[in-house]
Amino acid sequence: MDLISLNDWSDDDLIALLDLASAMKAVIRRPIKKVPTLRGKAVANVFFEASTRTRNSFELAGKYLGADVINFQGSGSSIEKGETLWDTVRTLQAMRLDAVVVRHGASGVPQVMAEHLEVPVINAGDGTHHHPTQGLLDVMTVRERFGHVEGLTVAIVGDVLHSRVARSDIEGFVRLGAKIRLVGPPSLMPSGLESQHVAVYADLKDGLAGVDVIQVLRIQKERQQSGQIPSLREYHDRWGLTQAALHWAQPKVLVLHPGPQNRGVEIDSQVMEDPVHSAILDQVENGVAVRMAVLYRLIGGEGVSA
Amino acid sequence: MSQDATDWIRLEGVRVIDPFRGQDQEGDVLVGDGTFQEPTLSPRSRVRTMSGRGLWLVPRLTDMHVHFRAPGQEWKEDFQSGSMAAAHGGFSVVATMANTDPVVDSVSLIQWQKAEAQALGLVEVVPIGAVTKGLGGEELAELWTMEQGGAGGFSDDGRPVASSALMRAALSYSSTMRHPIIQHAEDLELSHLGVMHEGDVSGRLGLTGIPLEAESAMVWRDVQLAALTNGRLHIAHISSLGALEALAWAKSRGLKVTAEVAPHHLFFTDARVDSPAYDTATKVNPPLRPDNVRQALLAALKTGLIDAVASDHAPHHADEKDRPYAQAAFGISGLETSLAAMITIGLGEAEMTPLALFERMTRAPHRILGMDYGGVVAGARADFALIDPKARWRVEPAGWYSKGKNSPWMGTELTGRVISTMYGGHWTLQEGEVVRCVQL
Ligand SMILES: [Zn+2]
């Protein structure tokens, strides 16, 4: 079994995994966090694209469960020396690992690696495709706050076209019964959304009206250079999440951001630091718990007592 | 079995499907001295008689769009492997694209390519010269001089002639010549970074899309320039609804505009990119399109709006495809599946007659490239394929003659198999094996 996108897993598997992640969260809140369930197992973090946050989160998750975690920095090493991706795969195969966590800038690489590798492959983000553990941690954070996901309305605001987080969030929230709204400039919306059971809004006020959850996506400066938005300032004026904009949503609205944030562009500092609405730090903590649950589920191991 | 080069060959009871004469009937065919002969003639030479029962004979299958990669990229293909692939595919004429290294933008390279092919004697190569020097898109190459040296058309294929002013100049100049400007129509800004068709599959896979309009916007521009200049325009690998509309508009105005379609655009849809996911054998430019477009292309081939079928044979080394989808090379190795794919889909789904289908693969490319051929008539060079129309076979690129094994048909079952190919009165393929002879 691999984790490439959330649709690889059944509804029951997803719910069981979220429950397991809650149990893991209890484990990491203990004074002594380590549980020996994955002792003797080796996990490789293979990051072809730099991401300290996600890599650290997977590394901690593995270590809390007692696994040995090794980090491969893909870029700048073998790949650029003319080694093909499949040479790297063969090398990993030969190392007798128990799981491979992959981050790559090109969509599809974890999936193709999973077809070649016998051990479980966990997608830690591929191009503009998926980031399933982010999707899981977002769902977990919402589920924790509201006690359920079904019936909630989630607005995903920003550059959906280039966002692997958005694709995984859509899968996760839709699977658990939430409604999805995508809000942002039409130039940053992917084609073929009709088939995905989502509603699309260009206007922020309309898009946020009455929603329960707002996931704010990072906007990259390149979007200005490529002509997809006129300027970051104009983007902020039309789609930036300000305290005023929060009032359009329902009063207990929860604000998520996958990080790293551009304060003052897609989200204002006051919103990020709002103790009632912002769940941004919960997301970080839940990220470790979710990755522990995923590693545990995929590699197997002794029972966990919460 | 040994065959004396001077032996004549009589095929008995073969179904001759000859688009050059517009005839489809069973009969005997006699070949001697490199040409077709009157079947009633009693030759002085020894005659080997073969039964053609149950087989189809189609004269001079022509693939007007192939990449043989030489000079300069022989790790992908060369004239020997490409010619053998052509013979294996049943073809006796191919037109080779100019995007080699160096670019075929001079008469000396046109002549070198022709000489390479002649020395091998497996297929007639009609070199296509570049439209612009070095495919640079800035200055016209010496089109007339290349035509004098044997160029069959002009194309910057692999990339478009992007500049409107230069395209106007090329079309204007072509109005004085017999051969067309072959345009790879792609607005490079609209297709920028795109690796597959832009639609719900690209959205789902997180791959950057190429909209239909990247092609159709340029085709509309080009047909208007063809009207302005009275030039000869041929649209390569047409793959969009807007381009079909532009083509219909041009033809209704009586312009000298023609088009070809590739078998993969008729056979597969963009859903194939996701099944198996991210299969780089499906990466091709223009990309595989959704089913409504595929069906429209097939219908347009049937009505004759699209003139010809051409494989866009684009062989690559495995290392160039064994990459993340976004970084893999564009192109499909198509010479060894083109005929069977067209028999399967053209006669099957589209319900074309064999005569109409083979017209698109023989006479139409001749007309477009300004070449004359009489068909199966006494005195015409004996070029033909013998086809078992009922044979079903599984595509296994590992056994191909082309160096390029990059095929989305791998593992697919197709109907119709080339048994033998004759070129200039010599067998180039017998019982499915390429005969490596040097022509006398
Ligand atoms: Zn082309």
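Numbers restart at 1 for each chain; the letters A, B, ... are given by sequence-line order, proteins then strands. When reading the values below, keep in mind they use all heavy atoms of this one structure, side chains included, and skip hydrogens, waters and symmetry mates.
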Would you say [atom1] of [X] has more than 12 non-hydrogen atoms from neighbouring residues, nucleotides or ligands within 6.0 angstrom?
| X | atom1 | value |
| --- | --- | --- |
| H116(A) | NE2 | yes |
| R168(B) | CZ | no |
| Q225(A) | CD | yes |
| R175(A) | CZ | yes |

Could you give the distance from CD (E115(A)) to CG (D279(B)), rounded to the nearest 0.5 Å?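 The CD atom of E115(A) sits 9.0 Å away from the CG atom of D279(B).
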*Roughly how far apart are D126(A) CG and L205(B) CG, rounded to 0.5 Å?*
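Output value for this atom pair is 10.0 Å.
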Out of V160(A), L161(A), T128(A), return the one with the most heavy atom pairs under 4.5 angstrom to chain B.
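Looking at each of V160(A), L161(A), T128(A) in turn, T128(A) comes out on top.
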Under a 4.5 Å cutoff for heavy-atom pairs, which residue among G105(A), S163(A), S226(A), G108(A) has the most contacts with chain B?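 When all of G105(A), S163(A), S226(A), G108(A) are compared, G108(A) has the most.
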Practice problem: Of all the heavy-atom pairs spanning R204(B) and H129(A), show the shortest one and how long it is. | Solution: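 In terms of heavy atoms, the two residues are closest at O-CD2, 3.4 Å.
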Looking only at heavy atoms, which two atoms of Q111(A) and A277(B) are closest? And how far apart?
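Closest approach of Q111(A) to A277(B), heavy atoms only: NE2-CB, 3.0 Å.
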Exercise. Evaluate the side-chain proximity of S107(A) to Y325(B): yes if any heavy-atom separation is below 4.5 Å, no if none is.
Key: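 No; the side chains remain at least 4.5 Å from each other.
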Top residue by heavy-atom pair count (under 4.5 Å) with chain A, among A326(B), P276(B), P324(B)?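 The answer is P324(B).
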